[in-house]
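Presented below is the structure to which this report refers.
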Amino acid sequence: MNSMMNAGRGVILILAVSAVFFSFAAATSVPGQTQNDEQAEMKLALDLAKLLQSARTVISNHQNLINDPEVGDKGLTGERVLAETIEQYRKATGHDPRDFDPQSREGRLMRAELDAIGEVVDESQTLINEKGLGFKGFIPAVFGRLVTERLRDKVATELQIKITAPPPLVRNRKARPDEWEQQIIETKFLSPDWTRGQVYSEAQKNGVQSVFRVMVPEYYAASCLTCHGGPKGEIDITGYPKEGASEGDLGGVISITLFRNNQ
């Protein structure tokens, strides 16, 4: 429980998803990979990102309940969060994340993410249900990081997802962008010429390992500004200084890496 409370000093980040979520920049290709293959990979990456966003929305919707010091057992189990996550995802995409063939790559990775969501919530029950404690630090940003870490444990050779941000906005060292992610953030997402909400993808090859990388930008919603708005420098509820951001500013990026089989 103590580690979860320490993790609570992360970012309270509830991000707006652009209506042009499925708009993306043309990917650079690796020889041997067809356009249809990369379109399928793009769809999978966006489905995985949307599932994570749906789960964070559920945790955001229940912040008042989670932080209610008068209520013990809140009934916010992994099963309940999963059910609400699936409904959020279904409303956003028109299909159920469990409908993928469980033997397919898509089905295995979506199921692994669903399992990670449920496990993180179930393992956090002691904290969520602690009476007498108000703000618990079990916020969407911390929850999202825990889910991506659990997902990495499950499918590390196939998929990695990281929630990152422009370096000045990163509050947790684990969320720092790597060199490539930072380059895309600075040269694409922060460029005045970049279409707001447009996703960036790129196929890469490192030795014998081919990967397909997707960056999904996210933007501050009005609810984010309680912790990330003004006045700049004022300490927010998590103990960090506010960034002085405005609604619609780039606040984060979901970075997805799909590993290919030595193509």
Side-chain angles (χ1 to χ4, degrees), residues 7 10-11 13 15 17 21 24-25 27-30 33 37-56 59 85 89 97 100 102 104-121 123 140-167 169-186 188-189 199-218 251-263:
V11 187
L13 196 59
L15 294 159
V17 182
F21 179 79
F24 58 91
T28 58
S29 300
V30 169
Q33 196 76 6
D37 290 336
E38 291 189 349
Q39 288 176 346
E41 286 179 313
M42 173 63 78
K43 183 181 184 305
L44 173 56
L46 295 179
D47 280 336
L48 291 163
K50 177 56 68 178
L51 185 58
L52 180 60
Q53 290 170 329
S54 298
R56 289 186 316 188
I59 298 301
T85 295
Y89 177 92
F100 294 95
S104 68
R105 182 191 192 192
E106 294 82 356
R108 286 186 291 100
L109 295 181
M110 292 293 282
R111 173 52 62 181
E113 188 172 346
L114 285 167
D115 289 345
I117 291 165
E119 289 169 12
V120 167
V121 175
E123 291 169 9
V142 171
F143 169 72
R145 177 178 60 78
L146 293 173
V147 169
T148 59
E149 290 174 354
R150 178 59 55 86
L151 183 59
R152 188 180 306 119
D153 292 340
K154 292 177 176 293
V155 290
T157 61
E158 297 183 81
L159 167 71
Q160 288 186 12
I161 300 180
K162 180 172 72 176
I163 303 171
T164 187
L169 304 182
V170 174
R171 295 181 174 186
N172 188 312
R173 291 175 62 85
K174 291 183 178 181
R176 290 178 300 180
D178 63 25
E179 183 177 350
W180 178 80
E181 291 166 338
Q182 183 170 340
Q183 178 187 13
I184 300 306
I185 289 170
E186 293 177 350
K188 306 294 184 183
F189 297 156
V199 174
Y200 182 83
S201 68
E202 185 175 311
Q204 301 175 354
K205 192 158 188 176
N206 181 13
V208 297
Q209 180 68 68
S210 296
V211 298
F212 188 69
R213 303 192 68 177
V214 178
M215 297 272 280
V216 180
E218 300 185 299
V253 177
I254 299 179
S255 178
I256 303 125
T257 301
L258 291 167
F259 294 89
R260 293 168 173 171
N261 295 322
N262 298 328
Q263 296 170 352

> Does Ala175 offer a backbone N or O that forms a donor-acceptor pair with the side chain of Thr164 under 3.5 Å?
Replying inline: yes
>> Walk me through whether Ile256 and Gln160 qualify under side chain to side chain contact (heavy atoms under 4.5 Å, CB included).
In response: CA-CA 6 Å; Ile256 303 125; Gln160 288 186 12; over 6 Å; no
>> With a 3.5 Å distance limit and no angle check, can you tell me whether Arg150 reaches the backbone of Val147 through a side-chain donor-acceptor pair?
In response: no
> Within a strict 4.5 Å, meaning less than it, do heavy atoms of the Pro177 and Val170 side chains meet?
Replying inline: yes
>> Before you tell me yes or no, could you show the steps for Gln53 and Lys50 under side chain to side chain contact (heavy atoms under 4.5 Å, CB included), namely the whole-Å CA-CA distance, both residues' side-chain angles and the distance that decides it to 0.1 Å?
In response: CA-CA 5 Å; Gln53 290 170 329; Lys50 177 56 68 178; 3.5 Å; yes
>> Among residues at least two apart in sequence or on other chains, which ones pass side-chain hydrogen bond (donor to acceptor under 3.5 Å, both in side chains) with Glu186?
In response: Gln182
>> Under 3.5 Å, is there a donor on one side chain and an acceptor on the other for Gln204 and Gln209?
In response: no
>> Show, in sequence, the C-alpha distance, side-chain angles and deciding distance for Val214 and Tyr200, and conclude whether the side chain to side chain contact (heavy atoms under 4.5 Å, CB included) test is met.
In response: CA-CA 6 Å; Val214 178; Tyr200 182 83; over 6 Å; no
> Between Lys43 and Glu38, does a salt bridge (Lys or Arg N to Asp or Glu O under 4.0 Å) hold up when you go through it step by step?
Replying inline: CA-CA 9 Å; Lys43 183 181 184 305; Glu38 291 189 349; over 6 Å; no
> Tell me, do Val216 and Val253 make a side-chain contact under 4.5 Å, heavy atoms counted?
Replying inline: no
> Would you say Asp47 and Leu51 make side-chain contact, with heavy atoms under 4.5 Å?
Replying inline: no
> Of all residues at least two apart in sequence or in a different chain, which pass the salt bridge (charged side-chain N to carboxylate O under 4.0 Å, His left out) check with Arg105?
Replying inline: Glu41
> Checking side chain to side chain contact (heavy atoms under 4.5 Å, CB included) for the pair Val211/Arg260: CA distance, chi angles, key distance, verdict?
Replying inline: CA-CA 5 Å; Val211 298; Arg260 293 168 173 171; over 6 Å; no
> Rounded to the nearest 0.5 Å, what separation is found between the CE atom of Met215 and the OG1 atom of Thr257?
Replying inline: 9.5 Å
>> I need the minimum non-hydrogen distance between Ala116 and Lys154, along with the two atoms involved.
In response: N-CE, 3.9 Å
>> salt bridge (Lys or Arg N to Asp or Glu O under 4.0 Å) for Arg213 and Glu181? Distances and angles first, verdict last.
In response: CA-CA 10 Å; Arg213 303 192 68 177; Glu181 291 166 338; 3.3 Å; yes
>> If I take atom OG1 from residue Thr85 and atom CD from residue Glu113, how far apart are they, to the nearest 0.5 angstrom?
In response: 9.5 Å
> Got a donor-acceptor contact below 3.5 angstrom from the Lys162 side chain to the Arg176 backbone?
Replying inline: yes
>> How close do Ile117 and Ala55 get, counting heavy atoms only, and between which atoms?
In response: CD1-CB, 3.7 Å
>> Restricting to non-hydrogen atoms, name the atom on Leu48 and the atom on Leu109 that form the minimum distance, rounded to 0.1 Å.
In response: CD2-O, 3.9 Å
> Could you state the interatomic distance from CD1 (Ile163) to OG1 (Thr148), rounded to the nearest 0.5 Å?
Replying inline: 5.5 Å
> Rounded to the nearest 0.5 Å, how far apart are CD of Glu119 and CG of Leu151?
Replying inline: 10.0 Å
>> Can a donor-acceptor pair be found, under 3.5 Å and without considering hydrogens, that links the side chain of Glu158 to the backbone of Phe259?
In response: no
> Could you give the distance from CG (Leu258) to OG (Ser210), rounded to the nearest 0.5 Å?
Replying inline: 12.5 Å
>> If you compare all heavy atoms of Ser104 against all heavy atoms of Gly107, which two are closest, and at what distance to 0.1 Å?
In response: OG-N, 3.0 Å
> Can you tell me how far OG of Ser255 sits from CD1 of Ile184, rounded to the nearest 0.5 angstrom?
Replying inline: 9.5 Å
> Looking only at heavy atoms, what is the nearest atom pair of Phe143 and Arg56, with distance?
Replying inline: CE2-N, 4.1 Å
> At their closest point, which heavy atom of Phe189 faces which heavy atom of Pro217, and how far apart are they?
Replying inline: CZ-CD, 3.8 Å
